[in-house]
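Remember, it's a predicted structure, so these values are computed and weren't measured experimentally. Counting starts at 1 for both ligands and their atoms, following the listed order.
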Amino acid sequence: MKKLYLFLLCLCFAGIQGKAQQKTNPDSIKQKMQWFADAKLGIFIHWGIYAVNGIDESWSFHNKKISYADYMKQMDGFTARNYDPQQWADLINESGAKYAVITTKHHDGVALWPTKQKHFNVVKNTPAKRDLLKPFYEALDKHGIKKGAYFSLIDWSYPDYPGFLKDSSRYKVADNPQRWQRFQRFYQAQINEVNTAYKPDLWWFDGDWEHSAAEWQCVKVRTDILSLKPQAILNGRLQGYGDYDTPEQNFPVSRPKFHWWELCMTTNNNWGYHPDDTNYKTPFEVISIFTDAISNGGNLLLDIGPDKDGNIPTEQVHILKELGKWTKKHQEAIYGTLAGLPQGHFYGASTLSKDSTTVYLFLPGQTTGNIMVKGLDNKIKDIQVVGTQEHLSPKIVGKVSWSPIPGIVFINVPDAQKDQYMTVLKLSLNEPLKLYRGQGGLN
Ligand code: GLC
């Protein structure tokens, strides 16, 4: 019973995180959201002092798995000795990702850049002793990869921040508004530093659930960022004042309602470096999740967690490289496409070209042999196995001469054309996609 309750509570929490009520107007942000909609794949990087012990980022002290003092001692071991930002950017590029989001500061308050505010940062407090953001963003720029800044609104280390451990906080905002104002000034100054120094294309806020939009001054935060960089995109964790939704780990089953969304997901079970966690997703699983996300109009933000020296775990390198082979071969079915067929037509993921005269079908699992498409009210001009020169012919069955209802399309995919991970078919149609969505019978 207790387990069930906890499970429901988690679901509810994830739901709240995923369903930020957007207060921005989708029409007014459409143009700036275009690169994001076309990008499909981003890489998330959780890098911080938690990599030293390989424990949960910030939550480990908050949830009292380790004392705060011991958690912060990790600062002494954060060397970034082998940090090669160009190599990181090259790998991200190889994966096929078009944007990358790095933790500029997590809930523990340790900034990865030399903040001018009186607070922890890797330059002053760790043997890394240098700005870790600047060279990374420069390396991304060389590849034309968009730059994202994860920024935790929560700062459990800052003396003027109310929250601290799960069962103790410093004060209540209502009891000491001036103290809260000091925090507001501090965290907004930090955002301003990052914005001025690195001009991120995308802000990835986190932790908005600890305070209201009014307390965070979300409208001001949004306005300040956009006044410096009007095209910047803000994720939805800003109490509704962001531009897109961010379901986390939990995969949406029905299509999310908001125009733009991004599933953030770990490669194993943890965001940061966790050598004890070997529960890695296979490249096939990542590709299945990725195609399902884009099929439903979303993006995937896939996470990696480098170690204290700046090495990316070999399992994660493997996943990114394999993903890259697949995205490269199938790029036309991925980038710049639209969400695919609604449920019921094809048992698998799909995407559409922007003019919807091309349908891309992602063959579920390792399927070959016959696949079925229902309700396709178009003529198929051509079928190509994406990434190959192979063309296939459809077989139409069940077409009744006197009925307007389209027949069922079967396509036989020979074994030799099978992709190692997921085969993709390109269906070129005679005109923009038309679907029959009735219940059969006479109409
Ligand atoms: C959660 C966690 C945080 C993690 C983030 C990534 O909000 O608080 O630790 O960084 O998810 O989406």
Requested in this report: Start with the C-alpha distance between Q188 and K220, add both sets of side-chain angles, then the distance that settles side-chain contact (heavy atoms from CB on, under 4.5 Å), and finish with yes or no.
Outcome: CA-CA 9 Å; Q188 291 174 20; K220 180 170 184 294; 2.9 Å; yes

Requested in this report: Start with the C-alpha distance between N125 and N121, add both sets of side-chain angles, then the distance that settles side chain to side chain donor-acceptor pair (under 3.5 Å), and finish with yes or no.
Outcome: CA-CA 6 Å; N125 302 100; N121 69 79; 4.5 Å; no

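Of all atoms in ligand 1, numbered sequentially from 1 with element shown, those under 4.0 Å from a heavy atom of Y150 are 10 (O). Atoms of ligand 1 found under 4.0 Å from any heavy atom of H106, numbered from 1 in the order shown, are 3 (C), 4 (C), 9 (O), 10 (O). Against a heavy-atom cut-off of under 4.0 Å, D206 is close to the following atoms of ligand 1: 1 (C), 2 (C), 3 (C), 4 (C), 5 (C), 7 (O), 8 (O), 10 (O), 11 (O). Each of the atoms 3 (C), 9 (O) of ligand 1 lies under 4.0 Å from some heavy atom of E57. Near C264, with a cut-off below 4.0 Å to any heavy atom, the atoms of ligand 1 are 12 (O). Short contacts between ligand 1 and R237, defined as distances under 4.0 Å to a heavy atom of the residue, involve ligand atoms 7 (O), 11 (O), 12 (O). Less than 4.0 angstrom separates some heavy atom of W59 from each of these atoms of ligand 1: 2 (C), 3 (C), 8 (O), 9 (O).
Taking any N or O of W209, backbone or side chain, none lies under 3.5 Å from an N or O belonging to ligand 1. Distances between N or O atoms of W204 and those of ligand 1 include no value under 3.5 Å.
In this structure, Y158 has its ring center no closer than 6.0 Å to that of F120.
No donor-acceptor pair under 3.5 Å is formed between the side chain of H345 and the backbone N or O of L341.
Across the listed options H46, H62, E248, E248 owns the non-hydrogen atom lying nearest to atom 11 (O) of ligand 1.
For K146 and W35, the positive end sits near the middle of the six-membered ring, less than 6.0 Å away and at most 45° from its axis.
Ring geometry, F205 versus W203: the interplanar angle falls under 30°, so the pair is classed parallel (tilted spans 30 to 60°).
Put simply, the residue from D206, T104, T103 that forms a side chain to side chain donor-acceptor pair (under 3.5 Å) with Y150 is D206.
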